[in-house]
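When a residue number appears, it is its place in the shown sequence, counting from 1.
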Amino acid sequence: MDFSDIFEVVFEDNHLIVVNKKSGILVQGDETGDKALPDYIKDYLRVKYNKQGNIFAGVVHRLDRPVSGLVVVAKTSKALERMNEIFRERKVEKVYWAIVGNKPPELSGKLVHWMKKDGKINVSRTYESQIKDSLRAELEYQMIGKAGNMYLLEVNPHTGRHHQIRSQLSSMGCPIKGDVKYGFPEKNSDHSICLHARRLKFIHPVKKEPIELIAELPGSGAWGKFKMFE
C-alpha cells in the first residue's frame with residue numbers, strides 16, 4: 001500500500017508518530033464511515049514493523065478533513081495521556097499557514113471573538129461580545145507573502161475552538177481559499193481548503209526534550225505559488 005497519498009511521516013519514535021496529513025483524509029471517524037487517519041497509521045506500522053495483533057494509535061488533536069498538515073498520534077496509552085495534557089494546558093505552539101483572497105486590513109494583528117458552534121450545520125459563528133454558550137477565541141496573524149491576488153497568512157491560534165481559524169479569518173473579511181462554508185466564493189477542485197498546519201513545538205511527553213516539527217506545503221493548487229516561502 002502506498003501511504004504517500006495519505007500522509008508523510010515527519011517524526012517517529014517508540015512513543016509518537018507525527019504525520020503531514022493530506023487534505024481529504026479524516027482524522028477521526030464520522031457518519032460517512034470513511035477510513036480515518038489512525039487506521040491508516042495502524043496499517044503503516046503493521047507493514048513497517050511486520051507486526052501482528054492490535055496496534056495502538058491514539059489521535060491527540062484534530063484537523064478538519066479539508067485541511068492538511070501536522071497531526072500527532074500516540075503509539076502508547078501513556079504517551080496519549082501525557083500529550084492530551086500538554087494540549088489541554090496549551091503547552092504547545094501551533095502555527096498554521098492560510099491562503100486568502102482578500103488582503104487583510106492590517107499586515108498583522110490579533111483577533112478576539114466569542115464563538116458558538118451550530119452542530120446542526122457544523123459551522124461555528126463569531127461574535128464581537130459574549131453570548132450564551134459562547135467560548136472566547138483568540139489568534140494572531142501576520143501576512144508573510146503575496147502571489148497575484150492571493151495572500152499568505154501565518155496564524156498562531158491561542159485557543160482551540162471548532163473551526164476557529166476558518167471562522168475568525170472570515171469574520172475579518174478574509175475567508176480561506178476554497179472554504180465556501182465560510183464565505184469563499186468557489187471550491188478548490190480537490191475540495192481542500194488552503195489551510196495547512198505548518199509547525200508544532202512542544203516538549204516530548206516521555207523524553208522531556210523539545211520537539212519542533214515543520215510540514216512541507218501541499219504540492220498542488222494555489223500552494224505552488226507560495227513554495228518560495230517555505
If I compare all heavy atoms of [X] with all of [Y], which pair ends up nearest, and what's the gap?
X: Val27; Y: Pro38; answer: O-CD, 3.1 Å
X: Ser192; Y: Ser23; answer: CB-OG, 3.3 Å
X: Asn102; Y: Cys174; answer: O-SG, 3.4 Å
X: His196; Y: Ala215; answer: NE2-O, 3.1 Å
X: Ile86; Y: Phe202; answer: CG2-CB, 4.3 Å
X: Ile144; Y: Phe229; answer: O-CE2, 3.2 Å

Derivation and outcome, side-chain contact (heavy atoms from CB on, under 4.5 Å), residues Lys116 and Arg125
CA-CA 5 Å; Lys116 185 174 181 179; Arg125 307 189 188 283; 5.6 Å; no

Tell me, which pairs form a side chain to side chain donor-acceptor pair (under 3.5 Å) where one or both residues lie in residues 167-179, sequence neighbours left out?
His113-Gln168, Thr126-Ser171, Gln164-Gln168, Arg166-Asp179, Lys177-Asn188

[X] and [Y]: same hydrophobic cluster, using ILVMFWY side-chain contacts below 4.5 Å?
X: Trp223; Y: Met143; answer: no
X: Leu37; Y: Met83; answer: no
X: Val100; Y: Met150; answer: no
X: Phe11; Y: Tyr44; answer: no
X: Val67; Y: Val155; answer: yes

Any [X] side-chain heavy atom under 4.5 Å of [Y] side chain:
X: Tyr182; Y: Ser124; result: yes
X: Ile41; Y: Phe7; result: yes
X: Tyr49; Y: Ile55; result: no
X: Val112; Y: Arg136; result: yes
X: Leu111; Y: Tyr141; result: yes
X: Ile214; Y: Arg198; result: yes
X: His204; Y: Leu16; result: yes
X: Asn84; Y: Val60; result: yes

Would you call the rings of His61 and Phe87 parallel, tilted or perpendicular if under 30° counts as parallel and over 60° as perpendicular?
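Parallel.
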
Any ion pair linking [Y] and [X] (charged N to carboxylate O, less than 4.0 Å)?
X: Glu216; Y: Lys227; value: no
X: Lys75; Y: Glu12; value: yes
X: Glu85; Y: Arg82; value: no

Are His163 and Val123 close enough, and set up right, to give a side-chain contact (heavy atoms from CB on, under 4.5 Å), and what steps lead you there?
CA-CA 7 Å; His163 289 183; Val123 167; 5.6 Å; no

What distance separates Lys146 NZ from Leu153 CG, expressed to the nearest 0.5 Å?
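Reported to 0.5 Å precision, the distance equals 13.0 Å.
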
Would you please test Ile121 and Lys181 for side-chain contact (heavy atoms from CB on, under 4.5 Å) and show each step?
CA-CA 10 Å; Ile121 56 174; Lys181 181 173 280 193; over 6 Å; no

Under 6.0 Å from the six-membered ring centre of Tyr40 and within 45° of its axis: does the NZ or CZ of Lys35 meet both?
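Checked: cation-pi criterion met.
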
